[in-house]
Every structure is written in structure tokens, then in C-alpha cells.
Amino acid sequence: MRTVEHQFAVPLDHGRPDGELIEVFAREYVSAAHPADSVERLPWLVFLQGGPGGRGGRVTGLSGWMKAAARDFRILMLDQRGTGLSTPADRTTLPRRGGPAEQAAYLAHFRADSIVLDCEVIRRELGSGPWTVFGQSFGGFCTLSYLSLAPQGVRRAIITGGLAPLDGPAERVYRATYARVAERNAEYFGWYPDDRARLGEVMSHLGSADERLPSGERLTPERFQLVGSLLGGNTRVDQLHYLLEDAFTLGVGGARLSDGFLAQVHALVTRAPNPLYAVLHEAIYAQGEASDWAAWRVLEEHPGFRPEAVEPLLLGEMVMPWYFEQDPALVPLAETARLLAEKFDWGPLYDPVRLGANDVPVAAAVYRDDIFVDRALSLETAARVRGLDVWETGDFHHDGISDDGEGIFDRLLSMADPEPALGG
């Protein structure tokens with residue numbers, strides 16, 4: 001493959017194009033199978049990755065969906081604003097904006113609507129006509145915003161595991177996903193019944209023992225529950241089993257958690273690489289009302305997920321207020337996160353009227369057992385987007401493009417537009 005790095009200046013606030021500018025980085029990937037003198041004729045595909053707060057993928061070779069896409073497209077992989085080589089937003093850089101109020105006001109410009117308008121600035125600067133947009137997970141949310149705010153920039157759209165509710169409070173999302181995660185816990189412990197007891201042993205141990213993560217802070221039972229993110233994949237559930245199987249080792253004073261176990265857990269529960277995931281996670285659902293720690297409030301309806309439950313369940317993507325007390329990467333952002341959770345004057349992310357009249361070809365994969373983006377809510381949204389073609393499958397989970405990205409991409413591309421991609 002060949003790569004080209006791009007840096008773009010975009011308005012922090014697209015409503016004030018003459019105001020402050022920030023940078024957005026993107027890397028272009030092209031298959032070396034295309035002669036160099038033909039690359040300029042290839043149409044663009046922009047990939048919007050999951051998150052929020054996830055930087056674009058760094059790849060050393062074309063495989064999976066990228067191998068499929070590179071046959072016909074130039075791929076543009078963004079570091080969405082605030083991530084990677086774009087102007088960063090984290091515990092080190094945000095204090096330069098001022099105190100928590102100034103930081104929260106700044107981060108209010110880091111949602112899907114701003115990301116989409118960044119894409120339009122970039123598309124025009126590259127001299128591209130309407131391009132193909134591929135959104136995975138939160139990237140699918142952004143794609144729906146794209147079709148709402150700037151459909152003239154989209155030739156076709158592909159979405160995997162990313163059909164967001166178009167309206168309603170964030171509680172709707174968590175009521176649905178808590179139920180899905182509970183079902184997935186039951187399925188997992190059905191496969192690995194001994195892990196039920198092992199998990200209980202780890203939770204009980206953490207309630208009384210001072211076990212420290214590599215970053216120095218104590219690992220609490222509730223933070224350990226976040227390893228449940230591994231439940232959201234076809235094969236990642238087996239990684240959870242392998243994680244638990246050698247949790248303990250025997251020290252001078254008795255049973256302790258092994259260094260290898262603690263290192264693996266730390267990689268799963270820290271937000272040091274992507275703090276915006278936690279800070280903005282509920283804000284991605286907020287339109288005209290405060291999210292107000294929705295996952296934490298809905299937890300009261302699902303006591304089986306509380307760490308003191310007799311057989312506590314593992315959590316999924318829920319972000320809790322205590323996260324900002326226990327993760328060193330988030331502690332300095334606690335007050336900023338509180339202000340964002342209380343913010344009620346969020347603007348709209350979607351235009352249901354425009355989506356109802358959509359004329360851009362759209363194909364979406366809806367994963368039947370997805371624990372992060374609920375099937376029923378996804379199908380509800382799909383029914384409200386004119387011309388959206390759904391492929392519903394139980395063969396994959398949320399990370400389907402990691403399992404068979406090439407097959408999924410080819411299928412959705414043919415659904416979104418049966419014309420050859422090189423045709424425009």
C-alpha cells in the first residue's frame with residue numbers, strides 16, 4: 001500500500017468559520033495495485049471509526065474491509081477532532097483552555113455534528129465530489145448526522161453496528177443495553193460455568209485486598225466489572241475466559257492477583273488512550289436535554305450489575321460518575337465531565353424530516369445480539385431513514401468488521417449501490 005498524511009485546519013465552531021481553528025489529521029491509504037498515475041481518478045471513501053474519542057486506525061497492511069475498499073477507493077482515515085495527531089484534548093492539554101467551565105464549553109464542539117462538518121471542509125479541500133462514507137459504531141452515528149446536516153457531500157453510505165436512536169433521552173439506550181448485557185453475561189457463563197465462581201472470587205478479593213494496577217491506583221470491584229466490554233464480540237468472549245483463568249497467584253501472604261492479570265485488566269479499564277470516550281460518551285445521545293449520568297441512574301433498575309450483588313454481572317459500555325474518581329487519566333476532568341452531564345442546551349444531531357426524505361443510498365448491518373447498539377432501537381431508526389437497506393444478522397457481534405471485514409464491506413457496498421464503485 002501507499003500512504004499520504006494530510007493535516008487540515010477546521011473551525012472549532014463551524015457556526016463561526018472566521019473564529020478559532022483546530023487541526024484534524026487524516027491518513028490516506030491506497031493499494032499499490034493501482035498505478036501511481038491512476039490514483040487521482042479513484043473516488044474517496046472516508047472512514048468514521050467508533051468512539052467517541054477513538055483515533056483512526058494505524059495499519060501496516062491492507063486487510064479486512066480495507067483490502068476490499070482499496071480495490072476501488074482511496075481510503076481516508078481520520079483522527080477525529082481531539083484524538084491522535086489532531087489537536088489533542090486530554091488531561092494535559094485541556095487545562096490550557098482554562099477551568100472546567102471553559103473546558104466543557106470547548107468540548108461541546110466535539111460531537112458528531114462537528115465531526116461531520118470537519119469532513120465537509122476536508123472533502124472540499126481535497127477537491128472531491130460526494131464521497132462514500134463508512135461508519136462503524138459511533139462512526140455510524142456520525143453518518144446519520146452527515147445525512148442530516150450535509151447529505152450533498154455523500155455519494156453512498158455504509159454503516160456497521162451504528163444506527164443511533166434519532167430522539168429520546170439517553171435512558172432509552174441504557175435500558176435496552178443493560179438487558180442485552182445481562183443476556184450476554186448469562187450466555188457467557190453458560191459456556192464457561194466455572195468462570196462464574198472465579199469472577200466472584202476476584203470481586204470478593206478486590207473488596208478486601210489492596211491490589212494495584214500498573215498505573216498505581218487501587219483496582220476496585222466496580223472498575224473490574226468494566227472488563228465486560230469483552231462480551232461484545234464473537235471471539236473476544238474467549239479472551240475474557242483466558243483473562244480469568246490465571247487471575248490468581250500464590251504469594252507469601254496468600255492469594256494475590258497476578259501481575260499479568262493486572263496488566264491485562266489495566267489495558268481494558270484505563271481511558272488514558274481515549275479520555276473523550278468517557279467524557280463525551282453520554283453526550284453523543286443528548287439533544288435538547290441533559291444526559292445527567294443516565295447509565296448510573298438506570299443502574300438502579302438493574303441491581304444485578306451492582307458490585308455488591310450476590311453474583312455481580314459484568315458491565316458493557318456504561319460510563320459512571322465514579323470512573324472520574326478512579327482512573328488517573330480522568331480524575332483531572334471530573335468537574336468538566338460533571339458540567340457536560342448537566343448541560344441541557346445541546347443542539348440536534350439528526351434531522352428526522354430530512355432523513356425521512358433521504359435520497360442517498362444507505363446500507364446498514366444490524367447485529368442481532370449487539371450489546372452496545374441495541375437491535376430494536378437500530379431497526380426503529382432504520383425505518384425512519386428513507387432508502388436505508390438493512391442486513392440483519394446473528395453471525396456477528398459489534399466487532400463484526402474485525403471478524404470478516406472484507407465480506408461485510410462487499411455485501412454492504414453492493415446493497416448501497418449496485419453500480420461499480422469506480423463509476424463515481
*What orientation do W44 and W131 show, parallel under 30°, tilted 30 to 60°, or perpendicular over 60°?*
perpendicular
Per the side chain to side chain donor-acceptor pair (under 3.5 Å) rule, what does the pair list look like for [range], sequence neighbours excluded?
{"range": "residues 50-70", "answer": "R58-D79"}
{"range": "residues 347-356", "answer": "none"}
{"range": "residues 83-94", "answer": "D90-T93"}
{"range": "residues 102-115", "answer": "Q103-T336"}

Main-chain N/O of [Y] paired to [X] side chain as donor or acceptor, under 3.5 Å:
{"X": "Q49", "Y": "G54", "result": "yes"}
{"X": "R172", "Y": "P165", "result": "no"}
{"X": "S145", "Y": "A112", "result": "no"}
{"X": "Y178", "Y": "A295", "result": "yes"}
{"X": "E217", "Y": "P328", "result": "no"}
{"X": "Y188", "Y": "H241", "result": "yes"}
{"X": "T177", "Y": "F372", "result": "no"}
{"X": "R297", "Y": "D292", "result": "yes"}
{"X": "T143", "Y": "G139", "result": "yes"}
{"X": "Q152", "Y": "P130", "result": "no"}

For the residue pair [X] and [Y], what are the closest heavy atoms and their distance?
{"X": "C119", "Y": "L78", "answer": "SG-CD1, 3.6 Å"}
{"X": "R256", "Y": "A209", "answer": "NH1-CB, 4.3 Å"}
{"X": "R386", "Y": "G356", "answer": "CB-O, 3.2 Å"}
{"X": "G316", "Y": "V181", "answer": "N-CG1, 4.1 Å"}
{"X": "D246", "Y": "S258", "answer": "O-OG, 3.2 Å"}
{"X": "N234", "Y": "H397", "answer": "OD1-CD2, 2.7 Å"}

Going by atom type alone, with no hydrogens or angles, which donor-acceptor pairs under 3.5 Å involve a side-chain atom of residues 248-255 and a protein atom two or more places apart or on another chain?
none

*asked:* One pair to check against side chain to side chain contact (heavy atoms under 4.5 Å, CB included): E222 and R306. What are the steps and the verdict?
replied: CA-CA 8 Å; E222 60 269 23; R306 299 195 67 83; over 6 Å; no
Working to the nearest 0.5 angstrom, can you tell me the gap between [X] [atom1] and [Y] [atom2]?
{"X": "Q80", "Y": "C142", "atom1": "CD", "atom2": "SG", "value": "5.0 Å"}
{"X": "T381", "Y": "F141", "atom1": "OG1", "atom2": "CZ", "value": "8.5 Å"}
{"X": "I401", "Y": "T160", "atom1": "CD1", "atom2": "OG1", "value": "4.5 Å"}
{"X": "L240", "Y": "Y192", "atom1": "CG", "atom2": "OH", "value": "9.0 Å"}
{"X": "I158", "Y": "L412", "atom1": "CD1", "atom2": "CG", "value": "6.0 Å"}
{"X": "R27", "Y": "T3", "atom1": "CZ", "atom2": "OG1", "value": "6.0 Å"}

Contacts of type side-chain hydrogen bond (donor to acceptor under 3.5 Å, both in side chains), residue [X], not counting sequence neighbours:
{"X": "H266", "result": "S215"}
{"X": "D259", "result": "none"}
{"X": "D370", "result": "H398"}
{"X": "R368", "result": "E392"}

Per-pair distances, 0.1 Å, donor-acceptor, side chain in residues 267-276, under 3.5 Å, sequence neighbours excluded:
residue	atom	partner	partner atom	Å
T270	OG1	A272	N	3.1
R271	NE	Y323	OH	3.2
R271	NH1	N274	OD1	3.4

With heavy-atom distances below 4.5 Å as the criterion, would you say the side chains of [X] and [Y] are in contact?
{"X": "S229", "Y": "E317", "answer": "no"}
{"X": "V279", "Y": "F324", "answer": "yes"}
{"X": "L388", "Y": "L163", "answer": "yes"}
{"X": "M66", "Y": "I75", "answer": "yes"}
{"X": "E311", "Y": "R196", "answer": "yes"}
{"X": "M320", "Y": "L315", "answer": "yes"}
{"X": "L166", "Y": "E380", "answer": "no"}
{"X": "D410", "Y": "R71", "answer": "yes"}

*What pairs with D327 under salt bridge (charged side-chain N to carboxylate O under 4.0 Å, His left out), at least two apart in sequence or on another chain?*
R223
*Residues that R198 engages under salt bridge (charged side-chain N to carboxylate O under 4.0 Å, His left out), provided they are two or more places apart*: E201
Going by distance alone, is a donor N or O of one side chain under 3.5 Å from an acceptor N or O of the other, for [X] and [Y]?
{"X": "T220", "Y": "Q326", "value": "yes"}
{"X": "E23", "Y": "Q7", "value": "yes"}
{"X": "H14", "Y": "D118", "value": "yes"}
{"X": "R155", "Y": "T132", "value": "no"}
{"X": "D395", "Y": "Y367", "value": "no"}

*Tell me, with the steps shown, if V227 and L243 meet side chain to side chain contact (heavy atoms under 4.5 Å, CB included).*
CA-CA 9 Å; V227 303; L243 172 70; 4.3 Å; yes
_If we check side-chain contact (heavy atoms from CB on, under 4.5 Å) with L48, which of these qualifies: V133, I159, V116?_
V133
*Please walk me through it: do F8 and V121 pass side chain to side chain contact (heavy atoms under 4.5 Å, CB included)?*
CA-CA 8 Å; F8 305 94; V121 171; 5.6 Å; no
*Would you please indicate if the ring centroids of Y285 and W346 are separated by under 6.0 Å?*
no
*Show your working on side chain to side chain contact (heavy atoms under 4.5 Å, CB included) between F409 and L45 and close with a plain yes or no.*
CA-CA 12 Å; F409 179 87; L45 177 146; 3.7 Å; yes
